Amino acid sequence: MSHELTEQEERRREERQHLEDAGIQTYAYGWDVTSHAREILESFDDELHQPGDDGPAQEPFSVSIAGRIMSKRVMGKAAFFHLQDSSGSIQVYVRRDDLPEGFYSQVFKRLLDIGDIVGVKGFVFRTRMGEVSVHTEELELLTKSLRPLPVVKEQDGQLFNEVTDKEFRYRRRYVDLIVNPQVRDVFKTRARMISAIRRFLDERGYVEVETPALQPVYGGALARPFTTHHNALDMRLYLRIADELYLKRLIVGGFDGVYEIAKNFRNEGLSRYHNPEFTMLEIYVAYKDYVWMMELFEEMIEDIVTELHGTTEICVGGEQISFKRPWKRLPLLEAIKFYTGHDVRGKSRDELVSISESLGLEIDDTMGAGKLIDVIFGEFVEPKLIQPVFITDYPVELSPLAKRHREIEELVERFEVICNGKELCNAFSELNDPHDQRSRFEDQARLQEGGDKETMQIDEDFIRSLEYGMPPTAGLGMGVDRLAMLMTDSESIRDVILFPLLRPEAGGDEESTSS
RNA sequence: GAUCCCGUAGCUCAGGUGGUAGAGCAUCUGACUUUUAAUCAGAGGGUCGCAGGUUCGAGUCCUGCCGGGAUCACCA
């Protein structure tokens with residue numbers, strides 16, 4: 001990664017040399033941080049802390065802070081800069097005569113730049129302009145920055161020269177995080193959300209487990225996998241597309257409830273809703289069915305929303321969404337009837353084709369009856385479902401791992417929660433009849449022979465585990481990134497993934513790629 | 001994979017119908033001991049994403065490629 005240095009980069013390398021020649025460390029070993037910007041601003045008290053005209057404050061407010069210089073305003077023998085730390089930013093006041101001889105004019109003014117990381121010791125005061133600031137008594141360079149940082153200015157909450165270029169922000173997320181501090185809040189919210197999920201499930205006694213990401217047989221979802229190879233065993237392996245079949249083996253093994261928050265990998269296109277690696281929560285609970293799972297899920301989400309936002313109602317994409325329990329439940333076929341006027345219940349494939357055509361859908365010969373229903377739903381119903389709603393009971397051929405509906409032959413006991421027009425989770429009463437499971441897998445194999453690339457492989461070991469006997473089980477999978485998008489009102493999945501996949505930068509190495 | 005939009009200085013952007021590039025901030029020099037998008041005076045910085053083509057002449061028009069975004073397809 002070499003590039004021709006710009007004028008400013010040359011300049012900073014020279015500054016670093018000058019600093020080192022003067023015996024000043026450019027990469028220090030630490031700094032004793034006692035305070036953070038936000039907490040200083042919050043706890044400053046004019047009565048107690050503000051120094052008088054001719055003497056110290058009643059109770060001097062001494063702090064030691066560290067962070068990055070984000071602006072610098074030199075006015076002769078005094079200067080101001082803003083220092084940004086993990087909590088926010090605070091103004092620092094520097095006077096020539098407070099610092100060691102020569103430091104101000106030779107080092108601070110000439111050799112310290114926006115982007116450098118410094119430590120400051122001093123006392124807090126309020127300037128004539130009314131801004132709470134730190135009056136420097138000691139200043140030390142902690143890390144020299146060799147590349148110029150984009151300079152974002154702000155007045156009255158209005159930003160100037162804000163870095164908005166998506167490509168720049170995703171490729172250099174570290175810079176994005178520096179110059180767009182609200183981005184850090186998104187990822188803090190995501191972290192708190194995941195903690196809340198764990199707490200909710202741990203409290204109920206479910207065991208967090210880890211299952212293989214490298215799998216000899218992929219399964220648990222309909223998707224194309226990434227393929228890799230293990231050298232020592234000379235063996236083809238797939239990166240997991242789901243952890244479902246392993247988690248159910250654990251239910252066979254006697255756990256009452258297990259869950260995993262795992263990265264899944266799917267070799268598919270990218271979009272604002274899809275990243276090839278993404279995070280999924282899967283939960284399996286023994287002796288329960290999908291009706292019970294609906295209650296668990298809505299309770300969990302209501303809990304999380306309340307914890308993150310202090311309310312069950314949040315604004316997403318300009319829509320007010322309420323996660324207050326209970327959520328509406330609507331069978332899939334009724335939803336289609338309500339939104340399209342067509343009753344597709346018990347219709348043959350030919351009848352469904354003509355309904356689809358009358359609705360203006362493009363269809364092809366490979367689509368079965370279940371697929372057609374799925375397409376109609378995705379096109380005419382899903383986008384209209386803004387408030388969280390359970391859509392229940394799906395065609396059997398779309399759900400090779402779900403148990404048949406106890407009353408309706410052609411359906412399975414499955415639900416999805418749709419929220420803001422997108423699927424949030426997928427759950428079913430798990431299929432635990434090994435014979436039925438084998439025939440569902442065989443149906444999938446036939447689809448594969450028909451050219452469908454997103455089918456399930458027959459997992460013999462999984463069937464074997466079912467033959468030992470899996471108790472009735474409810475299972476659920478949820479896109480963690482999708483929930484993070486809702487919780488942070490983000491319109492792209494790339495805004496809730498720190499390092500989303502992008503093509504390599506132009507001018508990169510010529511690494512060979514096989515496809 | 002398809003369609004549309006975008007790619008000009010470190011950053012944000014301007015560059016009617018083609019005449020080899022501009023602004024603000026950042027950077028550099030100087031002034032200024034409570035400023036705040038600090039200010040004032042001066043200076044430097046660009047193979048206009050890459051490669052071809054049309055033209056006397058291309059940032060500008062055409063083609064291809066690279067990268068990004070949005071929509072679609074597939075899915076979570």
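Each chain gets a letter, A, B and so on, in the order the sequences are listed, and its residues count up from 1. Keep in mind the model is a prediction, meaning the values are calculated, not measured. Both backbone and side-chain heavy atoms feed into the values below; hydrogens, waters and symmetry mates do not.
Using a 4.0 Å heavy-atom cutoff across all strands shown, A/Lys371 reaches sugar-phosphate atoms only and no base atom. Residue contacts shown for A/Gly479 are absent, as no nucleic acid heavy atom lies under 4.0 Å away. Residue-level contact check: A/Glu7 touches the bases, meaning some heavy atom is under 4.0 Å from a base atom. Counting any heavy atom pair closer than 4.0 Å across all strands shown, A/Arg169 reaches no nucleic acid atom. Residue contacts shown for A/Tyr170 are limited to sugar-phosphate atoms, with no base heavy atom under 4.0 Å away. The residue A/Arg266 sits close to a base: some heavy atom pair falls under 4.0 Å. Note on A/Val74: a base of the nucleic acid sits closer than 4.0 angstrom, heavy atoms only. A/Arg12 comes within contact range of no nucleotide atom at all, as no heavy-atom separation falls under 4.0 Å. Base contact: A/Arg95 has a heavy atom under 4.0 Å from a base atom. The residue A/Met129 sits close to a base: some heavy atom pair falls under 4.0 Å. As judged by a 4.0 angstrom heavy-atom cut-off over every strand, A/Glu15 is placed among residues touching the sugar-phosphate backbone only. Note on A/Asp374: nothing from the nucleic acid sits closer than 4.0 angstrom, heavy atoms only.
Remark: of the listed residues A/Leu332, A/Asp374, A/Leu222, A/Asp374 is the sole one forming a side-chain contact (heavy atoms from CB on, under 4.5 Å) with A/Leu398.
We find that CG of A/Leu159 is positioned 16 Å from C1' of B/C13, with the value rounded to whole Å. Between the P atom of B/A73 and the CG atom of A/Asn267 lies a distance of 20 Å, rounded to the nearest Å. B/C66 atom P lies 16 Å from atom CG of A/Leu502, rounded to whole Å. Atom CD of A/Glu14 is separated from atom P of B/U29 by 11 Å (rounded to the nearest Å). The distance between atom NZ of A/Lys166 and atom C1' of B/U12, rounded to the nearest whole Å, is 16 Å. Remark: C1' of B/U35 and NZ of A/Lys72 are 15 Å apart, rounded to the nearest angstrom. A straight line from CG of A/Asp176 to P of B/U12 spans 11 Å, rounded to a whole angstrom. The nearest whole Å value for the distance from the CD atom in A/Glu10 to the C1' atom in B/U27 is 13 Å.
The same atom, C1', is picked in B/A31 and in B/G45; the two are 24 Å apart, to the nearest Å. Distance check on atom P: B/G7 versus B/C25 gives 24 Å, rounded to whole Å. Taking the P atoms as reference points, B/U17 lies 14 Å from B/C6, given to the whole Å. Using P as the reference atom, B/C66 and B/G24 are 38 Å apart when rounded to the nearest Å. Nucleotides B/G52 and B/A58 are separated by 13 Å at their P atoms, to the nearest Å. B/A37 and B/C72 are spaced 42 Å apart, taking the C1' atom of each and rounding to whole Å. Taking atom C1' on both nucleotides, B/G42 is separated from B/U55 by 41 Å, rounded to a whole Å. B/C48 and B/A38 are spaced 33 Å apart, taking the C1' atom of each and rounding to whole Å.
For A/Val151, taking side-chain heavy atoms from C-beta onward, the closest of the listed nucleotides B/A70, B/U36, B/A26 is B/A26. Side-chain proximity of A/Thr127 to the nucleotides B/U34, B/C32, B/A76 is greatest for B/U34. In this structure, of B/U27, B/U33, B/A70, it is B/U27 that holds the atom nearest to the side chain of A/Arg11. Here the side chain of A/Arg171 is nearest to one of B/U35, B/A37, B/G68, namely B/G68. Distances from the side chain of A/Phe168 to the nucleotides B/A37, B/U33, B/C11 place B/C11 closest. The side chain of A/Lys153 lies closest to B/A38 when the candidates are B/U36, B/A38, B/A73. Closest to the side chain of A/Phe125, out of B/U34, B/A37, B/A76, is B/U34. Considering only side-chain atoms of A/Arg110, the nucleotide from B/U29, B/G68, B/A76 that sits closest is B/U29.
Along RNA chain B, the nucleotide nearest to A/Pro150 and the one nearest to A/Phe80 differ in position, and the one closer to the 5' end is contacted by A/Pro150. Map A/Asn426 and A/Val163 each onto its nearest nucleotide of RNA chain B; the residue landing nearer the 5' end is A/Val163.
Residues A/Phe108 and A/Phe81 place their aromatic rings such that the two centres sit under 6.0 Å apart. Within the 6.0 Å centre-distance limit, the rings of A/Phe80 and A/Tyr93 are counted as a close aromatic pair. Proximity of the aromatic rings of A/Phe428 and A/Tyr290 is defined here by a centroid distance below 6.0 angstrom, and this criterion is not met.
In the interface, the side chain of A/Glu162 is not paired with the base of B/U12 through any donor and acceptor atom under 3.5 Å apart. Contact of A/Glu167 with B/G67 (side chain to base): no donor-acceptor pair of N or O atoms is detected under 3.5 Å. For A/Arg73 and B/U35, a side-chain-to-base donor-acceptor distance below 3.5 Å is present, hydrogens and geometry of angles not being considered. A donor and an acceptor atom sit less than 3.5 Å apart, one in the side chain of A/Gln8 and one in the base of B/A26. Looking at A/Gln91, its side chain comes within 3.5 Å of the base of B/U35 through a donor and an acceptor atom. Between the base of B/G68 and the side chain of A/Asp165 there is no donor-acceptor pair shorter than 3.5 Å.
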May I have the step-by-step check of salt bridge (Lys or Arg N to Asp or Glu O under 4.0 Å) for A/Glu382 and A/Lys422, ending in yes or no?
CA-CA 7 Å; A/Glu382 201 174 54; A/Lys422 275 282 159 189; 5.3 Å; no
Please walk me through it: do A/Asn426 and A/Tyr394 pass side-chain hydrogen bond (donor to acceptor under 3.5 Å, both in side chains)?
CA-CA 11 Å; A/Asn426 183 16; A/Tyr394 284 65; over 6 Å; no
Apply side-chain hydrogen bond (donor to acceptor under 3.5 Å, both in side chains) to the pair A/Glu282 and A/Tyr284, showing each step before the final yes or no.
CA-CA 7 Å; A/Glu282 294 206 27; A/Tyr284 293 85; 2.6 Å; yes
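By the 5.5 angstrom centroid cut-off and the 30-degree plane limit, A/Phe278 is classified as stacked against the base of B/A76.
The residues A/Arg11 and A/Glu7 are annotated as not salt-bridged, no charged nitrogen and carboxylate oxygen being separated by less than 4.0 angstrom.
Between the side chain of A/Glu397 and the backbone N or O of A/Gly370, at least one donor-acceptor pair lies under 3.5 Å.
If you check the side chains of A/Gln91 and A/Arg73, you find a donor sitting under 3.5 Å from an acceptor.
Under a cutoff of 6.0 Å and an axis angle of 45°, A/Arg173 and A/Phe499 do not form a cation-pi pair.
Contact of the A/Pro400 side chain with the A/Phe441 side chain is not registered, since no non-hydrogen atoms from C-beta on lie closer than 4.5 Å.
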Let's test your reading of the pairing rules: Watson-Crick or G-U wobble, both distances under 3.5 Å, then write RNA chain B as a dot-bracket string with ( ), [ ], | and dots.
(((((((..((((........)))).(((((.......))))).....(((((.......))))))))))))....
